[in-house]
Number of protein chains: 2
Amino acid sequence: MDGIAGQAELHRTELFKGATAEILDQVLEGSEIKTYTNRQCLFRTGQLADRIFLVLEGQIQIYLRRGGKHAVLSIMGPGEAFALRAILGTGRHTGTAEAIGGCRVLEIPAPLFSRLICDPAIAIRIIHMLTTRLQALSDQVGRIQLMQTTQRLADYLLSLTPKDSDVCEVELPFEKSLIAAYLGMEPESFSRALMNLRSHGLTCEGRKVRLQSPGALKALCTEGRA
Amino acid sequence: MDGIAGQAELHRTELFKGATAEILDQVLEGSEIKTYTNRQCLFRTGQLADRIFLVLEGQIQIYLRRGGKHAVLSIMGPGEAFALRAILGTGRHTGTAEAIGGCRVLEIPAPLFSRLICDPAIAIRIIHMLTTRLQALSDQVGRIQLMQTTQRLADYLLSLTPKDSDVCEVELPFEKSLIAAYLGMEPESFSRALMNLRSHGLTCEGRKVRLQSPGALKALCTEGRA
DNA sequence: CGGACTGTTGACGTCATTCAAGATAAGTGG
DNA sequence: CCACTTATCTTGAATGACGTCAACAGTCCG
C-alpha cells in the first residue's frame, strides 16, 4: 500500500465510475492519500470535518460510543465514501471512524468536494450512494427492532451468501465481536446465537461457517417469533 | 385541504427552495396532489414504486412491520420528500407509509423526477436532504442501541425543546403510542419511562409536558448507566 | 348513555446483558 | 521452534430491563 493512486483506481469507485479524465485529474491533484493501520482512528465524534473520505482498500467502521457501549453504524468498504454529512451540515463529525485492518483512503478536501458536486453526473452518483446507505441503515433499524439476536444473525449470514444458494460455506468477513456490535448485540450473545443456529443446520469452525439449509434460516427470520 | 398548490407552497419546501419558476411549473404540471385521511396508507412494502412523495401538509410515518411488531423509521413533515430510494434503486417500496392525521401530498412521477435531478441545484438540495435523513437515522440507531428506555425518552423530549432552554413546556406532537414506536419501545414502557422521569423534574398532563430541569435530563442521557 | 380508543398500572415471563471463568487462537521474544 | 503473553471466543449462572398479558381508568364521539 502506498500513497499513489491512478485514474483507473478511482474509476472503479462508485463515486467516479463515469467521470471524465479531467475531473479525475482534479481529484487526484487536490486530494491526499493516507494509509491507516488496524484500529487507527480517522476521526472522532466532535472533531471538525474538513474533508470527505473515499475508501480505496480495506474497511472502516463508523460507530457511536456512549457509556462504554459501542454501536456500529456502518462498515465501509472499497469504493464507498463517508463523512459527507459532516461537510455539508454541521461541520463536525457525529461519529468515530476506525480502520479495520490496514486501509488506504483518499481524502478529498471540502472545498474541492463542494466543486465536484456541482457536476450533475457526480451529484447523481452521490444521491445513489446516499439512498443505498439510507436503505442499509433502515434495514439495520428494522433488524434491531423487530428481530431477536438469533434471527438477526441468521439474517446477516444469509446476506453474506449468494441469493437462492443451496448448501454453502461463508467466511465471516470480520472479527466476531465486530459483527456482534454491528448486529447490536454483545459478543456473548453472538456466540450463543451461533450456538442456537446449530439446530437449524449450521456448523462452524473459526470464521468458516457452513449453512446446510439456507431455507431453514430464511424461515427463521420471517417467522413471527422464534 | 384541496388538490391545488401554488408555486409559493413549493418554494417553502426544502427541495424547491431556490428553484426557478420554470421548474416549479414543470413540477406542478406533471405531478398530482393527493389528500389522505388519518391511518390511510400511501404505499406498502413490496409495492411497485413509480413516484416520489413530497409532504405539503400533515405528517406521514414510514415504518416496517414484521411478526406483529412495528418499527417506525421516520416521521415525515411538511417539506420533506420520501421514497427516493425505491425510485432510484429497487423499484419497489421497502417500507410502508401511513398518514398521521390528514395529509396533503405532492406526488411526482418517476420520469419527471429523473429529469429534475439533472438540475444541479436540485440535486444538491436532494443531497442535503438525504444527509439530514441519514443523520436522523444514525441518531435513531444510536438511541436504540446505547440508551435505555427512560434515557431515550429524555433524549427525545430534549430534542423537542429549544436548545439550552430553561424550565419549559412541550406538547407531544403525536400520540404517545406512536412516539413509543418511534423510540423503539412498547406503549407500556413509554408510560413507565414517563413515570420515571417524574423524579427528574418532569410533570405531565395529557400531552402537555413540563420540564422543570432540562439540565438534569441531559445529564441522565449522557450518563453511563441510569 | 354506551362503545371504542388511548393511556396507565400491576404481576409475571423472557430474552439479552453482565459478570466471571475457562478455552482456544494468535502474536512475541527467547 | 517452543514457552509465554495477549487477544478472541466460548460457556455458565445471575441479574435486570423490557415485553407481555390482563385489568382498569379516562377521553372522545356518536
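This is a predicted model, so every value here is computed, not measured. Order of the sequence lines fixes the chain letters, A, B, ..., with proteins taken first and strands second; residue numbering starts at 1 for each chain.
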message: T37(A): which residues meet the side chain to side chain donor-acceptor pair (under 3.5 Å) condition with it, sequence neighbours left out?
response: Q40(A)
query: For E205(A), which residues count as a side chain to side chain donor-acceptor pair (under 3.5 Å) partner, sequence neighbours excluded?
result: none
message: If the condition is side-chain contact (heavy atoms from CB on, under 4.5 Å), which residues does S138(B) pass it with, not counting sequence neighbours?
response: L73(A), R85(A), L137(A)
task: Tell me, please, which residues at least two apart from S191(A) pass side-chain contact (heavy atoms from CB on, under 4.5 Å).
output: none
Which whole-number value in Å describes the distance from [X] [atom1] to [N] [atom2]?
X       : N       : atom1 : atom2 : answer
I179(A) : dT8(D)  : CD1   : P     : 13 Å
F174(A) : dT8(D)  : CZ    : C1'   : 17 Å
I100(B) : dT6(C)  : CD1   : P     : 13 Å
M195(B) : dC18(D) : CE    : P     : 17 Å
N196(B) : dT9(C)  : CG    : C1'   : 13 Å
R207(B) : dT8(C)  : CZ    : P     : 11 Å
L146(A) : dG19(D) : CG    : C1'   : 14 Å
E175(B) : dC5(C)  : CD    : P     : 11 Å

I'd like a list of close polar pairs between nucleotides 24-30 of chain D and the protein, N/O only, cut-off under 3.5 Å.
none

message: Mind checking if R39(A) touches a base, just sugar-phosphate, or nothing, with heavy atoms under 4.0 Å?
response: sugar-phosphate
- prompt: Taking only side-chain nitrogens and oxygens of T149(A), does any of them come within less than 4.0 Å of OP1 or OP2 of dA16(C)?
  reply: yes
query: Between K69(B) and dT20(D), does any side-chain N or O lie under 4.0 Å from OP1 or OP2?
result: yes
Side chains of [X] and [Y], heavy atoms from C-beta outward: is any pair under 4.5 Å?
X       : Y       : result
P214(B) : D164(B) : no
V141(B) : L64(A)  : no
H93(B)  : T45(B)  : no

task: Measure from the side-chain heavy atoms of K176(A) and tell me the nearest of dC9(D), dT20(D), dT18(C).
output: dC9(D)
- prompt: Per the side-chain contact (heavy atoms from CB on, under 4.5 Å) rule, which among L183(A), N196(A), L158(A) passes with L153(A)?
  reply: L183(A)
- prompt: Looking at L172(B), V72(B), L157(B), which one forms a side-chain contact (heavy atoms from CB on, under 4.5 Å) with I179(B)?
  reply: L172(B)
query: When the C1' atoms of the five terminal pairs at each end define the local axes, what inter-axis angle does the helix from dC1(C)-dG30(D) to dG30(C)-dC1(D) show, to 10 degrees?
result: 40°
field: Set of salt bridge (charged side-chain N to carboxylate O under 4.0 Å, His left out) partners for R143(A), sequence neighbours left out
entry: D155(A)
Please list, chain by chain and in numerical order, all residues satisfying ring pair (Phe, Tyr, Trp, His ring centres under 6.0 Å) with [X], sequence neighbours excluded.
X       : value
H128(B) : none
H70(B)  : Y63(B)
F82(A)  : F53(A)

- prompt: Would R65(B) and E98(B) count as a salt bridge (Lys or Arg N to Asp or Glu O under 4.0 Å) if you check the C-alpha gap in whole Å, the side-chain angles of each, and the deciding distance to 0.1 Å?
  reply: CA-CA 12 Å; R65(B) 191 162 247 308; E98(B) 187 181 298; over 6 Å; no
query: Do any of residues 183-192 of chain B sit with a heavy atom less than 4.0 Å from DNA chain C, and if so which?
result: E188(B), S191(B), R192(B)
Under 3.5 Å between N/O atoms: give me all the protein pairs with nucleotides 22-29 of chain C, atom names plus distance.
none

